[in-house]
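Worksheet: one structure, shown below.
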Amino acid sequence: MSISIPIFGNGNESVLYNPDELIDLFLNCTADGFAIVDMENRFIRINPVYTQIFGFTEEDVIGKRFDEIPHSDIVKEIIKEVKQGKSFTNMIIQRFHKDGTALDISVTYSPFRNSNGDMIAIIATYRDITHTVLMEKELKRTRELYKLITENTTDMIKVYSKDYDILYASPSHEQRIGYTPEQLVGKSIFDLVFPEEMEDFKKMFQKIEETGESQVFQVKMKTSTNEIFHSESNISPIFNEKKEVESYVTVGRDITERVNNDAAFRNLDRLSIIGQLAAGVAHEIRNPLTSLKGFSKLLKSTTNKEKNDQYLSIITNELDRIDMIVNEFMSLAKPQAIHFEREQLTLILDSTINVLHPQALLHGVEIKINYPTDHVEINCSMHQLKQVFVNFLKNAIEAMPKGGTVHINVEKVDHNRVVISFTDEGVGIEQERLNYLGTPFYTTKDKGIGLGLTVSNKIIQEHCGTMKIQSQIGVGTTVTVELDCL
Ligand code: ADP
Ligand code: MG
């Protein structure tokens with residue numbers, strides 16, 4: 001007669017269980033697979049999880065020898081050792097499902113002894129870790145892949161802490177900026193940036209923290225020999241569980257060539273404008289010169305003091321006019337250093353109109369302005385913006401071979417944005433061609449070089465502005481620029 005064991009369940013009353021029943025319940029409920037094999041290697045017991053893991057049912061295995069179902073040689077060796085009294089815990093071995101698929105199993109083998117201490121069977125406990133092993137393998141593979149990419153890419157990859165200390169730098173840095181990864185780790189990212197870039201660089205990090213979004217940033221980096229290296233970096237934040245920025249990953253690319261190209265394009269555009277405007281300027285100067293000649297002759301022949309004064313004042317006016325035209329022209333012709341200063345927008349526009357005035361006259365084009373009553377101040381590089389406006393105005397004039405009017409409209413939107421538009425009554429641009437605008441060297445003109453819009457777009461981007469072109473064939477074109485104002 002067997003003893004019953006009282007067990008208190010959820011209710012208050014205890015229920016009596018017999019131990020055999022309890023073992024059955026245990027084997028049925030445990031989350032691990034179980035098999036008991038006797039000393040003849042025959043299965044005497046398996047549980048439902050065993051069937052779940054391996055696919056073999058009780059009918060398949062009970063009474064059969066374990067080597068009648070596929071096992072690797074290691075298992076046979078292990079069983080031999082277990083029979084000599086050894087235990088094996090959490091061994092990871094490969095086994096097969098009934099359908100042939102390979103499984104990664106963590107298995108524990110232990111000798112099953114009776115109360116005399118004689119071994120009567122072997123107990124095996126199985127846990128299917130195929131999924132975990134697969135994930136680990138995948139993780140390892142991904143890690144190796146990332147390593148392969150970061151170690152071999154020509155892009156400069158860096159990881160740095162939220163305090164901007166470099167934690168990782170790819171080997172490509174050595175070739176690009178002359179520092180080995182070892183020299184970079186521990187340095188602050190700010191040590192690699194030129195002082196004049198610092199403020200913008202810090203602002204960019206602020207923006208990342210505010211928006212949580214990655215940013216693309218062009219920066220002049222310092223090489224180990226203190227030379228300039230132009231890099232375009234994509235900087236992405238990495239967040240911790242609390243959604244705070246924990247570190248940053250950046251992928252930087254060498255854009256020195258592109259920056260040099262930009263500069264060359266800009267120069268080419270400037271020089272071509274000058275070349276094309278020269279004829280107009282010469283024409284514009286010829287008129288005052290003719291009158292100068294006339295009045296100086298008159299001066300010679302008159303002794304009348306009052307008349308002389310009148311002639312002299314006309315001569316001075318004409319000279320001023322020539323002076324202005326030549327100055328405007330020269331300022332466009334001279335390469336200028338790029339620096340940002342507080343300027344009055346309408347003064348830049350007026351100066352643009354002065355430069356184009358001869359051209360407009362030559363083509364019978366009238367320029368009409370509409371400025372707000374208040375001054376509009378912007379932070380900009382004056383010469384660069386002038387180059388942009390000259391381009392737009394020149395395109396507008398060139399679009400009206402039979403003359404017409406260009407409207408330049410300045411309007412403040414919000415308190416810190418200003419919209420400047422150039423509207424012509426010219427030939428217009430077909431819808432399909434609008435997409436090509438801004439492509440370097442795209443031009444429809446005999447004497448055009450197709451850099452005006454490319455360069456202008458770039459300059460406006462550098463001013464954190466936007467540019468838009470709307471056009472209708474036969475009606476005209478409007479180029480709109482939106483900029484920050486102070
Ligand atoms: P370019 O003036 O040397 O041709 P741009 O880059 O200034 O180069 O302009 C490119 C092209 O865009 C022009 O050739 C012209 O076809 C078109 N375009 C630009 N502005 C206008 C405009 N206001 N009206 C009509 N077409 C324009
Ligand atoms: Mg042009």
Side-chain angles (χ1 to χ4, degrees), residues 258 261-281 328-329 331-333 348-349 351-370 383-410 419-463 465-482:
R258 201 165 90 197
N261 265 349
D262 277 353
F265 278 1
R266 227 166 266 199
N267 247 341
L268 201 56
D269 175 54
R270 203 169 45 78
L271 292 173
S272 93
I273 294 174
I274 294 157
Q276 292 173 21
L277 293 188
V281 170
E328 293 287 12
F329 191 65
S331 90
L332 197 67
I348 303 177
L349 284 166
S351 151
T352 306
I353 296 166
N354 281 336
V355 176
L356 265 306
H357 187 251
Q359 210 73 5
L361 272 186
L362 222 53
H363 293 93
V365 171
E366 195 185 350
I367 301 167
K368 282 195 176 155
I369 52 173
N370 180 18
H383 294 283
Q384 300 274 302
L385 266 199
K386 203 157 122 187
Q387 188 170 346
V388 171
F389 297 152
V390 165
N391 269 317
F392 294 160
L393 199 51
K394 190 166 158 291
N395 280 344
I397 295 171
E398 285 164 353
M400 298 187 288
K402 295 194 190 97
T405 308
V406 185
H407 291 271
I408 302 178
N409 196 57
V410 177
V419 174
I420 310 138
S421 62
F422 299 79
T423 305
D424 64 51
E425 305 165 343
V427 289
I429 309 162
E430 288 138 39
Q431 214 53 36
E432 309 87 71
R433 282 202 296 126
L434 276 177
N435 300 329
Y436 295 112
L437 301 187
T439 313
F441 305 110
Y442 175 79
T443 180
T444 53
K445 302 170 192 166
D446 289 345
K447 287 187 186 143
I449 58 165
L451 280 178
L453 294 180
T454 313
V455 168
S456 302
N457 193 22
K458 181 81 194 160
I459 294 175
I460 289 167
Q461 267 179 27
E462 284 167 3
H463 283 77
T466 56
M467 167 180 153
K468 196 169 70 188
I469 302 180
Q470 287 158 306
S471 191
Q472 213 177 329
I473 287 289
V475 177
T477 303
T478 299
V479 180
T480 316
V481 177
E482 197 177 316

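First listed ligand is number 1; within each ligand, the first listed atom is number 1.
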request  = Identify the protein heavy atom lying closest to atom 2 (O) of ligand 1, giving its residue, its atom name and the separation to 0.1 Å.
outcome  = K445 NZ, 2.8 Å

request  = Could you tell me which atoms of ligand 1, counted from 1 in the order shown, lie closer than 4.0 angstrom to a heavy atom of G450?
outcome  = 1 (P), 3 (O), 4 (O), 6 (O), 8 (O)

ask   = Just wondering, is there an N, O or S atom on N391 that's nearer than 2.8 Å to the Mg ion (ligand 2)?
value = no

ask   = Which atoms from ligand 1 have a heavy atom of R433 less than 4.0 Å away?
value = 16 (O)

inquiry  = Within the supplied structure, the quantity of interest is the number of heavy atoms (other residues, nucleotides, ligands) at a distance under 6.0 Å from Q472 CD; does it exceed 12?
reply    = no

query = In terms of residue, atom name and distance, what is the protein heavy atom nearest to atom 23 (N) of ligand 1?
reply = D424 OD2, 2.8 Å

Numbered atoms of ligand 1 (with element) below 4.0 Å of A399, judged on heavy atoms = 24 (N), 25 (C)

note = One finds that the ligand 1 atoms under 4.0 Å from a non-hydrogen atom of G448 are 3 (O)

inquiry  = Does K468 have more than 12 heavy atoms from other residues, nucleotides or ligands lying within 6.0 Å of its NZ?
reply    = no

Nearest protein heavy atom with distance in Å, relative to atom 10 (C) of ligand 1 = Y442 O, 3.4 Å

note = When distances are taken from atom 4 (O) of ligand 1, the protein heavy atom at minimum range is T443 OG1, 2.5 Å

task = Compare every heavy atom of F265 with every heavy atom of L451, then report the nearest pair and how far apart it is.
result = CD1-O, 3.7 Å

key: Numbering as shown, the atoms of ligand 1 that approach I429 to under 4.0 Å (heavy-atom distance)   = 18 (N), 21 (C), 25 (C), 26 (N), 27 (C)

query = Contact between K394 and ligand 1, counting heavy atoms under 4.0 Å?
reply = no

request  = Considering heavy atoms of the protein only, find what lies nearest to atom 7 (O) of ligand 1 and give residue, atom and distance to 0.1 Å.
outcome  = N395 ND2, 2.9 Å

ask   = Can you tell me if L437 has a non-hydrogen atom under 4.0 Å from ligand 1?
value = yes

query = What protein heavy atom sits nearest atom 6 (O) of ligand 1, and how far off is it?
reply = L453 N, 2.8 Å

request  = Please report which non-hydrogen protein atom sits nearest to atom 15 (C) of ligand 1, along with the residue it belongs to and the distance in Å to one decimal place.
outcome  = T444 OG1, 3.4 Å

